Every structure is written in C-alpha cells, then in structure tokens.
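The next block holds one structure in the form of structure tokens; read it before the comments.
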Amino acid sequence: MRDSSEHLAARMVGIGFGGTSPSADARDLLRRGVRNVIFFARNVESPQQFFELTATVKSAVAGPLMTSVDQEGGRVLRLREPFTLVPSMRQVGQAADDNLAYAVGRILARELRAVNLDMNLAPVLDVDTNPSNPVISSRSFGGSPQLVARLGASLVRGLQDHGVGSCAKHFPGHGDTNKDSHHELPVLPRHDLERMFKVELPPFIAAVDAGVAAVMTAHVIYPHLDELPGTLSRTIINGLLRQRLGFRGLVMTDDMQMKAIADHYGFDEAIVLAANAGVDLLWICHSPDLQNRAIDVLIRAVESGKLSRQRLEESARRLDVVMNQYVNPPAAKLDLSAIGAPEHQVIADRIEQLAGITIGIETEDPTESFVRQQQT
C-alpha cells in the first residue's frame, strides 16, 4: 500500500523542540509521521541525559528516525564539555592539513554516534570573502575556494567514513553577505554564474564529488540567478545543484523560521515554493504550530494541484537512501570512551598549534541566539 499524503508530507518536515525530554507536541508530530529531529544546546544537560533523550526519540516510532545536530566546531558546538571542543574551521583552515581536517570529521563522528546522532549539519563550505560578514566568519575554512574545497571534502569523508552523514552548507554560498539571514534577507547582486563557479561553487562541487549525503540551502537572493532566495528557487536547487553539479542526495533548508524567509514570504507560500524547488527536508526548528501547519500546507498543495504527489515521493526516496546509510537504532548503553577522548584533544591541540592563532571557543553562536529569541 502506498504511503498516505499525510505521511509523505510529514516526512518532509524536520522538527526541533525545547527542553530535555520530548514535548507532547513533538510526540504528536512523530505520530503524524515526522522522522527527522534536530537538537540544540537547549536539549543538552549531560552526555548521559542527552543519550537517553535521543534514544527516547528514536524509540518513539516504528522504523528509522534521523537525529541531527549542528556540531561544526568553534562557536557552533551544540555539545560542549565534556565533548571535545573542536577548533573553529578557520583554525582548521589555518592549519591547512587535509589529514587533520579528515581527523576532525572522525572525531565529530565518533562523539556524535556515541549519543545516537546520525547527521551532522556540517561543514560550512561558504568561502569567507567578506570581512563584514556577521554570520559566517570563523565558521569558514577561509577565503580561498581551493582551500575550502580541499579541507571541506576531507572533513565530509572523515564524518561519513565513520558512520555519520554530512551536510554541506549554505548552498550556493553565504560567505560574501554582510547580513545575517537569521535576521535579514541578504542579496548578492554582483554574483553571476561566472563568478560563482570561480569562488562560491568549487567547495560544493568537491563535496558532491566526495559523496556528501546532504546539502543545505541558503536564504540568500542571487539576482543573476533568480529573484527568489536559494531555498525557494527551482533554478538554483533543481537547475544548478542537481542538473549542473550532479547532486543526487538530500536537499534540506536552513530553518524556515529565520527572518530572511519569515519576514519576506508568507509561510504557506514559502513551504510550497521550497517543495516545488526541489527541497526534500524543511527544517522548522521551534514552533509546533508551524510544524503542524507545514504538514497541512503540503497536503493541501497536493490536493489542489499546486504540488505534485510525485514531488513528495521523490523526497521520500532520497530520505530513505540517506536513512538506510546513516540512521542507526539507539545504542544499548552509553559508552563514554569516545566523548572527550584524549586522542581527540591531541588533534584539537595540534590544529591550534599549526594555526598559529588561538581563537578559542567563541560564545556568540548566531543560531543559538536566534533559538533564544524564538523561546521568548
């Protein structure tokens, strides 16, 4: 029997929730068919508690459920001590060692897998070409497309070779913006395809060649490509990413509650545009009302002919491929040996030594700041 439209629609919606145990709203959404959950620092008290939380969420449904997190390094670390405080990607870029970038992927994968996490929404593959960029900066490997491509592909392999899916972000490039898409809608008016194939796109091409499981879209407008931001653009997702770059994996959005989308497009319209553009997974990280509404919008869009059922089935197939490769059932017991392991710290120290700079673990994480705003 074919999946119902509700089940297919629910699979396209990824959710987050507040607190250190699954909320009643989250459990209701899982019953509707949601099978993707993202976690933030708000969900974490200790490795033991977090291990039990992810196991509880995975055990709440029959069949696979994918758990995700942004564990990039530097200022974007949802899991902090006693987990290894992985240096920023800028420091990895300063070290400029492919083997160390691969080792960072291995470290992240081992520690994430220990607490039942399947997908790391990393690495950032934006090229850091704008000193005024308020959101990327030290999250990027650097200002050289070749360096970002080389180290990014190595980190992707390090993650995926050790059992955790990798997500390259933010396609087709957020590195030259002077606005933070959490709060504003960036526009890059000078970025035509010739420039983008020289600067923004080489890291994503390298990640596709490395077999990256997923790509996350940017809430950024590129007027030479489309009047719509990347997340809502069929030209960018289906045309550029899928047809020209040959990507066959999972396409996911940045949070659809970010103001670059929420303040400029009606919620219902944005959901349908993104789905029609070729997005497979819509992250809605904070509001249960909007999470449920997104499912309802997708169902109505199919019923009205604004969205084809084939589009939902296509996304389901891509989700199945990634889940079959990276989603595990919850581990039987917590094994703390990988978390903050001494050999992991040796790698982190070596990166800082080679980088010649000590940025430290920055505290201003733009996403966590946005998460706090959503909770007030």
Side-chain angles (χ1 to χ4, degrees), residues 70-77 84-108 120-159 166-181 186 188 190-191 194-210 212 215-216 218 220 222 230 245 254 347-367:
D70 297 280
Q71 191 77 346
E72 296 175 12
R75 60 178 167 161
V76 182
L77 285 169
T84 301
L85 298 181
V86 171
S88 71
M89 294 305 100
R90 178 179 291 170
Q91 289 171 294
V92 177
Q94 291 279 347
D97 185 315
D98 293 19
N99 292 328
L100 284 176
Y102 182 92
V104 168
R106 182 179 69 241
I107 289 167
L108 291 168
N120 191 9
L121 306 186
V124 167
L125 294 186
D126 303 310
V127 182
D128 184 28
T129 53
N130 189 337
S132 299
N133 193 314
V135 66
I136 302 301
S137 60
S138 65
R139 298 167 69 191
S140 167
F141 291 101
S144 160
Q146 293 72 32
L147 177 74
V148 177
R150 201 180 80 230
L151 298 181
S154 294
L155 198 146
V156 166
R157 293 188 184 99
L159 278 166
S166 174
C167 176
K169 60 190 187 185
H170 308 81
F171 186 84
H174 204 323
D176 199 27
T177 64
N178 58 12
K179 293 180 179 178
D180 180 348
S181 54
L188 293 174
R190 297 186 301 276
H191 291 56
E194 182 180 3
R195 159 35 226 224
M196 295 185 78
F197 268 101
K198 289 178 180 176
V199 180
E200 279 77 20
L201 294 178
F204 292 99
I205 293 169
V208 171
D209 289 345
V212 71
V215 170
M216 179 181 288
V220 177
Y222 314 83
L245 271 59
D254 215 336
I347 297 295
D349 291 344
R350 180 60 176 159
I351 290 168
E352 288 201 345
Q353 180 185 23
L354 287 175
I357 53 173
T358 304
I359 295 174
I361 300 301
E362 303 162 271
T363 57
E364 188 53 36
D365 177 343
T367 302

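Everything quoted here is computed from the prediction, not taken from an experiment.
In this structure a side-chain-to-backbone donor-acceptor pair under 3.5 Å is missing from D128 to G142. Side-chain atoms of S140 do not come within 3.5 Å of backbone N or O of S137 as any donor-acceptor pair. Here the side chain of Y102 pairs no donor or acceptor atom with the backbone of V156 at under 3.5 angstrom. Between the side chain of R150 and the backbone N or O of D97, no donor-acceptor pair lies under 3.5 Å. Judged purely by atom type and a 3.5 angstrom limit, T177 has no side-chain atom pairing as donor or acceptor with the backbone of L188.
Between N120 atom CG and L155 atom CG the span is 8.0 Å, to the nearest 0.5 Å. Note: F141 CZ to L147 CG = 8.0 Å, rounded to the nearest 0.5 Å. Taking OH of Y222 as the start and CZ of R195 as the end, the distance is 11.0 Å to the nearest 0.5 Å. Atom CD1 of I205 sits about 11.5 Å away from atom CD of E200, to the nearest 0.5 Å. Taken to the nearest 0.5 Å, the CZ atom of R90 stands 15.0 Å off from the CD1 atom of I351.
Of all non-hydrogen atoms in L125 and G152, the two that sit nearest each other are CD2-CA, 3.7 Å. When all heavy atoms of I347 and A103 are compared, the closest pair comes out as CG2-CB, 4.0 Å. Closest non-hydrogen pair, V208 versus V212, comes out as N-CG1, 4.1 Å. Nearest heavy atom pair, residue R75 against residue I136, reads NH2-O, 3.2 Å. Of all non-hydrogen atoms in L159 and A122, the two that sit nearest each other are CD1-O, 3.9 Å. Across all non-hydrogen atoms, the minimal contact from A149 to A206 is O-CB, 3.7 Å.
By the side chain to side chain donor-acceptor pair (under 3.5 Å) test, R106 pairs with no residue at all, sequence neighbours left out. Applying the side chain to side chain contact (heavy atoms under 4.5 Å, CB included) criterion to P145, with sequence neighbours excluded, gives V127, V199, P202. The side chain to side chain contact (heavy atoms under 4.5 Å, CB included) check on D254 picks up H170, M216, H219, M258, with sequence neighbours excluded. The side chain to side chain donor-acceptor pair (under 3.5 Å) test applied to E72 returns R139, K169, not counting sequence neighbours. Residues satisfying the side chain to side chain contact (heavy atoms under 4.5 Å, CB included) test with D349, not counting sequence neighbours, are Q345. The side chain to side chain contact (heavy atoms under 4.5 Å, CB included) test applied to R350 returns L100, Q353, L354, not counting sequence neighbours.
Between V215 and C167, every side-chain heavy-atom pair lies at or beyond the 4.5 Å cut-off.
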